[in-house]
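Inspection log for the structure reproduced underneath, given as structure tokens.
A, B, ... follow the sequence lines: proteins, then strands. Residue 1 opens every chain. Every heavy atom of this structure was used, including side-chain atoms; hydrogens, water molecules and symmetry mates were not.
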There are 2 protein chains.
Amino acid sequence: MKVTIKDVAELAGVSFKTVSRVVNGEVGVKSEMREKVQTAIEKLNYHPNLSARRLRGKSATIGFIYNNPNSNYVITMLHGILAAARKNSYELVVHPCENVSDPSLVFDEILSLTRRSMVAGLVLTPPISENPEIIKKLDDAGITFSRIVSGSVAPDDVQRTIFIDDRKAAYQITEHLIKRNHKRICFLNGDPEHLSSGERLEGYKAALRDYDIAVADELILDGHYTFESGVERAKQIMDIDEAPTAVFACNDEIAAGALFAARMNDVQVPEQLSIVGFEDSPFSRQTWPSLTTAKQPNDKIASHATELLIGMLEGDDDSDSYDDHSYLPEMIVRESSADMTS
Amino acid sequence: MKVTIKDVAELAGVSFKTVSRVVNGEVGVKSEMREKVQTAIEKLNYHPNLSARRLRGKSATIGFIYNNPNSNYVITMLHGILAAARKNSYELVVHPCENVSDPSLVFDEILSLTRRSMVAGLVLTPPISENPEIIKKLDDAGITFSRIVSGSVAPDDVQRTIFIDDRKAAYQITEHLIKRNHKRICFLNGDPEHLSSGERLEGYKAALRDYDIAVADELILDGHYTFESGVERAKQIMDIDEAPTAVFACNDEIAAGALFAARMNDVQVPEQLSIVGFEDSPFSRQTWPSLTTAKQPNDKIASHATELLIGMLEGDDDSDSYDDHSYLPEMIVRESSADMTS
DNA sequence: AAATCGGATGACAACGTTGTCAATTATCAA
DNA sequence: TTGATAATTGACAACGTTGTCATCCGATTT
């Protein structure tokens, strides 16, 4: 019942070593043989046994470590990583990390995982990927990984990093608001341990400066990437004397919270207040009104990060050096942002 | 750098087979030997190579197969399964299934996964877990699995099944509406290939009957477990002559869609229309108004299903036979449902 | 036509583990 | 003490794959 390389060999009438060659795309197999083997593989629906490969030292397992309460984000990343892993016949071990507050505990968790599951390399996402202490410990321990981070300039370890230009995307969103005649734009920040929050804030500030609008400290509020944070902070800004006409929420959850607060205060969106988010979460098109936001192709990003990792693991030095590792989230204009006429 | 069983054997001065015995806790090893081996293991920090074990057929890997677009559902399940798997030192292979429309393709996918990754058993969730064709094929192929299904009576394969009493929960929710004086209650159904939709519909009907309210066919609408379905169907019902005063949406997504449609039509919720959902998705408390719904402890359910599977794999016949495999979703009353005074 | 070469193919070992069975040692009864 | 039996230990094969090297065959060179 279990199809092995030898079954394929028998059906194709060749030695199992030849099948191995075909499967691994090695050179020096006559096309006639190759074809025979291919059809036998398809006929039997043969898939190489990963354990045997691993044992032989060829293939391996990738670990996906994450600590992110946003399930949509995690699932999208997961699927991107899985796609790349499967394509390259890697297995995936998934590991949600609990103690994100203490970097050294996170590191211990990772270490124990790599030991236990024989993980060859890791794919890291924010906020773990952006924690310098964890990164240093991983490097010291000689653990191979690729990572996804938020950043506007190429990091010094480009070859293992995908960076997302949140700053530029935030600039564009802010510009979008400015061009719609908004002058008092409030910024609701996300978690401080995520670089994305700082980057998005910088993009916001840069846009204001370029359009000669003063950056007002009272319009920039700390917070977290949660709905609750959005509600709370949005309530606060509505009490400000000269109320803002637009809100730049650091992600869609915050934006949804702000929308909620606006409704509670009988503030019309977008007529009296424009609200924009960031992330293009599925629910961003289901809010009322639907959210203007910025879309990150997270599955592609995750696949790319995984390919990067696999390249490192297999020692293809050249495989990727000319690739662009930067992604720019794309602005999506929906109904929550409008012209400010008054 | 890699420590194998033979290194341990050499240091302890025994054959590597004896080390294997100690590692696996087999009987028939003198305590003196056992101790020598133990200290050698600790000294070298030896960990068995999982690939070799799996290759030899001693797999400690379980597979989580799913096909469900609801990322929150999947993540919660995943975490529940992971917790139980880790507790019993099993590895987990995650496999999102693409071709759900064709059961035999799904089966092929599963089969190839179990082969390739030497998966010892599976945890299945709806809708795959509820597809008789897939279940039969798995049984025929001798694949071990546990599953989570929707059902009001104990299925005939209880020992490997967790069932969720959607019917009773739906009854309670409907009763909740009836007691608030609603007589014309609309039912927006979910995907037909999920048993949960049928079960919830039955619960709804049973409650109506028990309270002597006629079941009106024009108030029961087919659909899917999506926001869009909710919007569309809710629009339809608002055109009905004698408009319903309440909507029972088969899940929170549909309910959110209905909420959306109500708002588009300037229908006040809950003053003019009560809307209830099902699932207690995170966003159900973030809608406006927040949704009355029913909460399933999905992480616990998933853990339980995993424990069940592991019990089967390890042949602990008695481990679980007195457990209750049934879960009743708990009604959570929020703001989207209210008395009908008119 | 014989010798040589190179490309294609196959035989076999190895990876680290567990299962099977044989060999050895300890234990017990007669 | 001796033989029989039980307990312990070890030798070796096997799992499915890849790497190494030998073999084969056809083509090219002399």
Side-chain angles (χ1 to χ4, degrees), chain A residues 1-38 40-41 44-61 88-91 115-118 120 313-315, chain B residues 1-38 40-41 44-61 89 91 112 114-120 313-314:
Chain A
M1 212 55 213
K2 214 184 293 176
V3 180
T4 79
I5 204 171
K6 290 184 182 171
D7 300 320
V8 177
E10 194 178 3
L11 180 62
V14 298
S15 80
F16 68 94
K17 179 67 228 197
T18 302
V19 178
S20 171
R21 289 197 177 94
V22 173
V23 169
N24 293 308
E26 286 172 33
V27 294
V29 181
K30 277 200 177 162
S31 50
E32 181 195 0
M33 284 276 160
R34 175 159 274 138
E35 236 166 87
K36 269 201 295 185
V37 172
Q38 281 293 4
I41 287 177
L44 295 175
N45 190 26
Y46 164 76
H47 290 281
N49 180 311
L50 290 178
S51 300
R53 274 199 174 161
R54 273 212 291 196
L55 181 57
R56 204 59 186 72
K58 183 82 191 271
S59 175
T61 301
N88 296 279
S89 318
Y90 276 68
E91 294 191 291
R115 292 269 165 72
R116 209 175 21 186
S117 290
M118 308 283 282
L313 291 175
E314 301 190 341
Chain B
M1 212 54 219
K2 214 184 295 174
V3 181
T4 79
I5 203 171
K6 290 185 181 170
D7 300 322
V8 177
E10 194 177 4
L11 180 63
V14 299
S15 81
F16 69 92
K17 179 67 228 198
T18 303
V19 178
S20 170
R21 290 199 177 93
V22 173
V23 170
N24 293 315
E26 286 172 32
V27 294
V29 181
K30 277 201 175 164
S31 51
E32 181 195 1
M33 283 276 160
R34 175 159 272 138
E35 237 167 86
K36 269 202 295 186
V37 172
Q38 281 293 5
I41 286 177
L44 295 176
N45 189 30
Y46 164 76
H47 291 280
N49 181 315
L50 282 177
S51 301
R53 270 199 179 162
R54 290 214 297 203
L55 181 56
R56 203 59 188 71
K58 254 208 156 178
S59 163
T61 302
S89 32
E91 293 190 296
S112 125
T114 54
R115 295 276 160 69
R116 205 171 28 181
S117 292
M118 306 285 263
V119 167
L313 290 175
E314 302 191 341

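Using a 4.0 Å heavy-atom criterion, one finds that V14(A) contacts the sugar-phosphate atoms exclusively. Counting non-hydrogen atoms under 4.0 angstrom, R21(B) reaches a base of the nucleic acid. Within 4.0 Å of V23(A), counting heavy atoms only, lies no atom of the nucleic acid at all.
Side-chain atoms of V29(A) lie closest to dT9(C) of the nucleotides dT18(D), dT9(C), dA11(D). Residue F16(A) places its side chain closer to dT18(D) than to any other of dA8(C), dT18(C), dT18(D).
One can place NZ of K6(B) at 11 Å from C1' of dC12(D), the figure rounded to the nearest angstrom. Taking atom CZ of R54(B) as the reference point, atom C1' of dA14(D) lies 18 Å away to the nearest angstrom. For I5(B) and dG19(C), the CD1 to P distance is 11 Å, given to the nearest whole Å. A straight line from CE of M33(A) to P of dG10(C) spans 6 Å, rounded to a whole angstrom. Taking atom CZ of residue R34(B) and atom P of nucleotide dA7(D), one finds them 15 Å apart after rounding to whole Å. Per the geometry, CG belonging to N24(A) stands 13 Å off P belonging to dT20(D), to the nearest Å. Nucleotide dT17(C) holds its C1' atom 11 Å from the CG atom of L50(B), rounded to whole Å. Regarding K17(B), its NZ atom lies at a distance of 17 Å from the P atom of dA23(C), rounded to whole Å.
Taking 4.5 Å as the limit, some side-chain heavy atom of R54(A) sits within range of a side-chain heavy atom of E91(A). In this structure, V22(A) and V19(A) have side chains that are not in contact, with every pair of non-hydrogen atoms separated by 4.5 Å or more. Looking only at side-chain heavy atoms (C-beta outward), Y46(B) and I5(B) come within less than 4.5 Å of each other. In this structure, the side chains of V14(A) and M33(A) come closer than 4.5 Å at one or more pairs of heavy atoms. At a threshold of 4.5 Å between non-hydrogen side-chain atoms, the residues V23(A) and I41(A) count as touching.
Toward the 5′ end of DNA chain C lies the nearest nucleotide of S51(B), the other residue of the pair K30(B) and S51(B) mapping further downstream.
Contact between the side-chain N/O atoms of S15(B) and the OP1/OP2 oxygens of dT9(D) is not found at any separation under 4.0 Å. Dashed line: the shortest gap from a side-chain N or O of T18(A) to OP1 or OP2 of dG10(C) is under 4.0 Å. Between dC15(D) and N49(A), no contact under 4.0 Å exists linking OP1 or OP2 to a side-chain N or O.
Scanning atom types as modelled, one donor and one acceptor separated by under 3.5 angstrom connect the side chain of R56(A) and the base of dT18(D).
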